There are 2 protein chains.
Amino acid sequence: MAVKKADRNLDINTEAKILEAARTIFHKKGYAATRTRDIAEEAGINLALLNYYFRSKEKLFDIIMLETMEGFFQSLSVVFNDTSTSLEKKVEVVTESYIDLLLAQPDIPIFLLNELRTHPSEIGEKFKMKQIIMHSVFFKQWQEATKNNKNQIPPLQFMISLMSLIMFPFVACPIIKMVGDLKQEQFNKMMVERKKLIPKWIKAIMKS
Amino acid sequence: MAVKKADRNLDINTEAKILEAARTIFHKKGYAATRTRDIAEEAGINLALLNYYFRSKEKLFDIIMLETMEGFFQSLSVVFNDTSTSLEKKVEVVTESYIDLLLAQPDIPIFLLNELRTHPSEIGEKFKMKQIIMHSVFFKQWQEATKNNKNQIPPLQFMISLMSLIMFPFVACPIIKMVGDLKQEQFNKMMVERKKLIPKWIKAIMKS
DNA sequence: GTCTATAACGTGATAGAC
DNA sequence: GTCTATCACGTTATAGAC
């Protein structure tokens with residue numbers, strides 16, 4: 001018997017509803033600008049229930065922050081440590097998968113960067129990002145590929161540049177839309193084009 | 001007659017002291033996380049005095065937001081519209097001047113980007129950034145220089161990439177310091193090295 | 001588990017003396 | 001102009017009925 005659902009959340013439990021709402025609001029507005037009332041309303045439940053499940057705004061935020069960082073760095077770790085693909089292929093895959101990820105969730109980068117800066121938390125420190133990135137297969141391949149260049153680019157500089165080209169446009173989205181006079185749809189189309197451009201540019205940089 | 005000064009602000013007027021304090025705190029924490037009490041304390045004055053001079057937190061913020069945007073885009077506008085320099089020189093100058101600017105005030109980019117995203121204000125709209133950038137001498141020179149390339153890079157894509165390479169490292173500073181295990185001093189040194197790397201990379205990209 | 005009502009607290013803003 | 005004291009309000013968190 002089909003049941004009409006005004007809200008697709010009706011079939012999941014309350015805890016999950018609150019988590020999904022918290023994710024949405026925190027990502028969009030950041031910790032300080034978020035009110036627990038907004039989250040409760042977004043979840044379609046009462047404010048008291050939020051504290052019943054998660055004790056406090058801070059504890060709820062920590063959960064969202066942790067899962068967001070995990071989700072964000074997991075893709076990177078998987079691609080970077082694939083021993084079966086070439087360096088060039090890795091650049092293509094990481095570009096494409098991150099642009100797809102950010103087209104779906106464009107608020108993630110600035111959320112993470114802003115909270116890491118303004119909202120002191122030990123969660124950031126737990127991540128062994130140094131291990132994930134600086135000791136990855138990707139890095140060894142990159143050093144191998146460039147070891148005969150006359151001016152070898154420092155690995156960290158290269159890594160930062162790749163991530164800059166992929167992520168910064170999403171961070172600067174409001175300004176880019178103003179400068180280029182773009183609607184959201186046109187912005188997204190431009191980011192899809194970037195999937196092809198970035199690997200090409202990276203090749204050019206590596207040969208320089 | 002020399003006067004001892006525990007605080008270099010003692011010799012400037014109260015309004016200027018409040019503005020300087022507001023700039024510091026807003027840039028560091030953003031609008032929502034800033035309390036007017038913090039600004040008053042930083043300025044070494046009483047909370048009531050802040051409202052006496054600026055009426056409200058919002059009005060004070062608008063002043064800081066406006067001057068910050070002006071300062072940030074002014075450099076760009078000047079460099080981009082210099083008719084006496086070549087395209088390559090412009091890339092060098094804009095890279096160097098912006099990296100110097102951000103070494104002195106590293107919080108500016110993420111402050112601007114985060115506030116433009118989360119804090120609806122009409123100030124952002126006042127800036128004719130489209131005029132400044134898309135109709136600049138820089139852009140005309142760039143189109144001229146690349147018109148014979150087989151795959152001409154769209155101007156906006158190019159512009160975004162240049163700005164990404166310069167600004168994103170400052171936005172991602174906390175993560176970069178974690179990944180690379182760097183102290184602030186080492187991070188700054190790396191950014192100084194980037195002044196030479198970025199123009200070289202941009203040349204490589206233009207030839208691709 | 002879920003709600004209503006309210007306590008407890010923090011923050012922006014003002015009144016009024018000096 | 002500058003301060004102390006306080007108001008007014010919004011927000012987090014809890015008590016207690018159901």
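Bear in mind the structure is a predicted one, so any value in this text is a computation, not a measurement. Residue numbers start from 1 in every chain, and the chains themselves are labelled A, B, ... in the order their sequence lines are given, proteins ahead of strands.
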For the residue pair [X] and [Y], categorise the inter-ring angle as parallel (less than 30°), tilted (30 to 60°) or perpendicular (more than 60°).
X	Y	answer
B:Phe72	B:Tyr98	perpendicular
A:Phe158	A:Trp142	parallel
A:Phe80	A:Phe138	parallel

Nearest-Å distance, [atom1] ([X]) to [atom2] ([N])?
X	N	atom1	atom2	value
A:Phe54	D:dT14	CZ	P	15 Å
A:Leu49	D:dG16	CG	C1'	15 Å
A:Ile45	C:dT4	CD1	C1'	14 Å
A:Phe61	D:dT11	CZ	C1'	17 Å
B:Tyr52	C:dC18	OH	P	19 Å
A:Lys57	D:dT11	NZ	P	10 Å
A:Glu15	C:dT2	CD	P	10 Å
B:Ile25	C:dT11	CD1	C1'	15 Å

Review point. Do any of residues 27-36 of chain B sit with a heavy atom less than 4.0 Å from DNA chain C, and if so which?
Key: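 Of all residues in residues 27-36 of chain B, the ones placing a heavy atom under 4.0 Å from DNA chain C are B:Thr34, B:Arg35, B:Thr36.
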
Review point. Any salt bridge between B:Arg23 and B:Glu67, counting N to O under 4.0 Å?
Key: yes

**Study point:** salt_bridge(B:Arg35, B:Asp38) N-O dist < 4.0 Å
**Key:**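 Judged by the 4.0 Å cut-off on N to carboxylate O distance, B:Arg35 and B:Asp38 do form a salt bridge.
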
**Study point:** A:His27-A:Glu115 side chain donor-acceptor pair, cut-off 3.5 Å
**Key:** no

Exercise for review: May I ask you to check whether B:Lys29 and B:Thr34 show a side-chain donor-acceptor distance below 3.5 Å?
Suggested key: no

Check your understanding: For the helix from C:dG1-D:dC18 to C:dC18-D:dG1, what angle lies between the axis at the first five pairs and the axis at the last five pairs, to 10 degrees?
Key ->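 Result, rounded to 10 degrees: 10°.
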
Give every donor-acceptor pair under 3.5 Å between a side-chain atom in residues 167-184 of chain A and any protein atom, sequence neighbours left out.
from     : atom 1 : to       : atom 2 : distance (Å)
A:Lys177 : NZ     : A:Gln184 : OE1    : 2.6
A:Asp181 : OD2    : B:Lys130 : NZ     : 3.3
A:Gln184 : NE2    : A:Asn188 : OD1    : 3.0

Write down the protein N/O and nucleotide N/O pairs, taken from nucleotides 4-8 of chain D, whose separation is under 3.5 Å; answer none if there are no such pairs.
from  : atom 1 : to      : atom 2 : distance (Å)
D:dT4 : OP2    : B:Asn46 : ND2    : 3.0

Check your understanding: Looking at residues at least two apart in the chain, or sitting in another chain, which of them share a salt bridge (Lys or Arg N to Asp or Glu O under 4.0 Å) with B:Arg37?
Key ->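 Result, salt bridge (Lys or Arg N to Asp or Glu O under 4.0 Å) vs B:Arg37: none returned.
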
Check your understanding: Side-chain N or O of B:Tyr53 less than 4.0 angstrom from OP1 or OP2 on D:dT2?
Key -> yes

Review point. Does the B:Thr95 side chain pair with the main chain of B:Val91, one donor and one acceptor, at a distance under 3.5 Å?
Key: yes

Could you list the donor-acceptor pairs under 3.5 angstrom formed between side-chain atoms of residues 189-196 of chain B and any protein atom two or more places apart in sequence or on another chain?
from     : atom 1 : to       : atom 2 : distance (Å)
B:Arg194 : NE     : B:Leu165 : O      : 3.2
B:Arg194 : NH1    : A:Gln157 : O      : 3.4
B:Arg194 : NH1    : A:Gln157 : OE1    : 2.8
B:Arg194 : NH1    : A:Ser161 : OG     : 3.3
B:Arg194 : NH2    : A:Ser161 : OG     : 3.0
B:Arg194 : NH2    : B:Leu165 : O      : 3.1
B:Lys195 : NZ     : B:Asp100 : OD1    : 2.7

